[in-house]
Amino acid sequence: QQPVQSPQAVILREGEDAVINCSSSKALYSVHWYRQKHGEAPVFLMILLKGGEQKGHEKISASFNEKKQQSSLYLTASQLSYSGTYFCGTETGNTPLVFGKGTRLSVIA
Amino acid sequence: DGGITQSPKYLFRKEGQNVTLSCEQNLNHDAMYWYRQDPGQGLRLIYYSQIVNDFQKGDIAEGYSVSREKKESFPLTVTSAQKNPTAFYLCASSRDREIGNEQFFGPGTRLTVL
């Protein structure tokens, strides 16, 4: 089951904050976050594991609510370089990662 | 440098022709994946392989085929049976298929069928 991301798109001015949400209808073992610039490969940001472990960038924060089957990615003091499409991917057991449709983030000066 | 290479970056083919997309990794990863990306659809899994000589269908395997004869190589063939093959194709790998392993992506191949 594909996770649902919200919002679909967001426009920020430099320095503003944003939150991107990812929710699943199934119990989650992990949530992965990636960022993709247009025409390029997705780049790994963070993995959140059931039980609270996190792996990833120091400057990016995220939360994982296992009970609600949701994760949120927090982007603070946004920079122009944060622009791109953000994807969450979820693991629900012994099945491959399933990605959401993405959230397009545009940061303007 | 370790990484994943995909070639070519752009590929044009006539309708009805089979085409093979290359994916090579030197990360010594066991697991490899093929994704298709269409505008607004995210990344959809075509096939994945957990180990040499073994692979499984993903969500949209119809019209595609793969092989995994070597650990470092996982080519994807887009056959004439694929009704709408024009898309951006991404190959990825991970250390193994255990939960919580980061996937590393190649630069992608943009296939256009005329």
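All chains are named by letter (A, B, ...) in the order of the sequence lines, taking the proteins before the strands, and each is independently numbered beginning at 1.
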Q: Working to the nearest 0.5 Å, report the span between CG of Leu97(A) and OH of Tyr48(B).
A: 11.5 Å

Q. Where does Glu91(A) contact chain B at under 4.5 Å (heavy atoms): side chain, backbone, both or neither?
A. side chain

Q | Joint cluster assignment, Tyr35(B) & Phe44(A), ILVMFWY side-chain distance < 4.5 Å | A | yes

Q: Pick one of side chain, backbone, both or neither for Leu48(A), based on which atoms fall under 4.5 Å of a heavy atom in chain B.
A: neither

Q: For Ile11(A), look at atom CD1 and say whether over 12 heavy atoms of other residues, nucleotides or ligands are found less than 6.0 Å away.
A: no

**Q.** Euclidean distance, Phe99(A) CZ relative to Gln37(B) CD, rounded to 0.5 Å
**A.** 9.5 Å

**Q.** For chain A, the option from Gln103(B), Arg44(B), Gln6(B) that forms the most heavy-atom pairs under 4.5 Å
**A.** Gln103(B)

Q | Lys57(B) atom NZ, over 12 foreign heavy atoms within 6.0 Å | A | no

(Q) Within the supplied structure, the quantity of interest is the number of heavy atoms (other residues, nucleotides, ligands) at a distance under 6.0 Å from Glu62(B) CD; does it exceed 12? (A) no

Q. Any link between Val66(B) and Tyr64(B) through a network of hydrophobic side chains (Ile, Leu, Val, Met, Phe, Trp, Tyr) touching at under 4.5 Å?
A. yes

Q | Interatomic distance, Tyr29(A) atom OH to Glu98(B) atom CD [nearest 0.5 angstrom] | A | 12.5 Å

(Q) For the CG atom on Leu80(A), are there more than 12 heavy atoms of other groups (residues, nucleotides or ligands in this structure) within a distance under 6.0 Å? (A) yes

Q: Measure from the side-chain N and O atoms of Tyr33(B) to the backbone N and O of Pro96(A), and report whether any donor-acceptor pair falls under 3.5 Å.
A: no

Q: For Ile99(B) and Gly93(A), work out which heavy atoms get closest and say how close.
A: CD1-O, 3.6 Å

Q: Examine whether an atom of Gln5(A) lies under 4.5 Å from a heavy atom of chain B, and if so say whether it belongs to the side chain, the backbone or both; otherwise answer neither.
A: neither

Q) For the residue pair Ala41(A) and Pro107(B), what are the closest heavy atoms and their distance? A) CB-CA, 4.1 Å

Q.
Grouping I, L, V, M, F, W and Y whenever their side-chain heavy atoms are under 4.5 Å apart, do Phe55(B) and Trp34(B) come out in a common cluster?
A. yes

Q.
Counting only non-hydrogen atoms closer than 4.5 Å, does Leu90(B) touch chain A with its backbone (N, CA, C, O), its side chain (CB onward), both, or neither?
A. side chain

Q. Can you tell me how far the CG atom of Asn101(B) sits from the CD1 atom of Ile47(A), to the nearest 0.5 Å?
A. 7.0 Å

Q | Engaged part of Phe104(B) at the chain A interface, taking heavy atoms whose separation is under 4.5 Å | A | neither

Q. Are Phe64(A) and Trp33(A) connected in the hydrophobic side-chain network, where two residues link if heavy atoms are under 4.5 Å apart?
A. yes

(Q) Does any backbone or side-chain atom of Gln8(A) lie under 4.5 Å from a heavy atom of chain B? Answer side chain, backbone, both or neither. (A) neither

Q) In terms of heavy-atom pairs under 4.5 Å with chain B, which of Val98(A), Val31(A), Thr95(A) leads? A) Thr95(A)

**Q.** Nearest heavy atoms of Phe88(B) and Gln36(A), plus distance in Å
**A.** CE2-NE2, 4.0 Å

Q. Is there a path of hydrophobic side-chain contacts, each under 4.5 Å between heavy atoms of I, L, V, M, F, W or Y residues, that connects Val19(B) with Phe12(B)?
A. no

Q) Where is the tightest heavy-atom contact between Gly100(B) and Leu49(A), given as atom of each residue plus distance? A) CA-CD2, 3.6 Å

